[in-house]
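See structure below.
Values reported hereafter were calculated over all heavy atoms of this structure, with side chains retained and with hydrogens, waters and symmetry mates removed. Each residue takes its place number in the sequence, starting with 1.
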Amino acid sequence: VIKKEMLFKGSLSHITFNVREIVAKALSCDAAGCIVYHNHPSGSPLPSEEDIKQTRLITSALKIIGIYLHDHIVISPKDYYSFADETINKYSNKKKSMKK
């Protein structure tokens with residue numbers, strides 16, 4: 001891990017972030033890859049449609065400049081959701097499950 005930093009702060013139900021700032025931070029660290037995460041403090045760690053859309057956008061933006069998005073993790077008070085784990089499960093014919 002090169003650096004861990006909070007870039008954005010949201011409310012209980014919403015966060016606004018700028019993909020450009022994520023890309024700029026990764027470039028400033030001379031990173032070859034990154035992991036992003038955010039929390040769902042009030043409930044389920046399952047990603048919303050907006051979470052999925054934003055993950056695709058971040059992945060595409062980073063890919064253009066040669067930085068790999070290793071994972072996007074959604075954390076809730078009792079569980080988490082890993083986009084990377086779920087992608088692996090999707091192609092391995094294993095039952096998807098939440099990790100604790």
Does Y80 form a side-chain contact (heavy atoms from CB on, under 4.5 Å) with D85? I'd like the steps, not just the answer.
CA-CA 11 Å; Y80 73 90; D85 285 354; 3.9 Å; yes
Residues two or more places apart in sequence or in another chain: which of them pass ring-ring contact (aromatic ring centres under 6.0 Å, His included) with Y68?
H70
For the atom pair OH (Y81) and CD1 (I73), what is the distance rounded to the nearest 0.5 Å?
12.0 Å
Within-4.5 Å side-chain heavy-atom neighbours: E21 and K25
no
Does the side chain of C34 come within less than 4.5 Å of L69's, by heavy atoms?
yes
To the nearest 0.5 Å, atom CD of Q54 lies from atom OG of S48 at 9.0 Å
Looking at I67 and A26, what are the two nearest heavy atoms and their distance?
CD1-CB, 3.6 Å
Would a 4.5 Å heavy-atom cut-off, applied to side chains only, mark L46 and V74 as touching?
no
Check: I35 main-chain N/O paired with D71 side-chain donor or acceptor under 3.5 Å:
no
If you look only at distance, which donor and acceptor atoms sit under 3.5 Å apart when one is on a side chain in residues 55-62 and the other is two or more places apart or in another chain?
{"unit_1": "T55", "atom_1": "OG1", "unit_2": "D51", "atom_2": "O", "d": "2.7"}
{"unit_1": "T55", "atom_1": "OG1", "unit_2": "H72", "atom_2": "ND1", "d": "2.5"}
{"unit_1": "T59", "atom_1": "OG1", "unit_2": "T55", "atom_2": "O", "d": "2.8"}
{"unit_1": "S60", "atom_1": "OG", "unit_2": "R56", "atom_2": "O", "d": "3.0"}

Taking all atoms of both residues into account, what is the closest heavy-atom pair of S44 and S76, and its distance?
C-CB, 4.1 Å
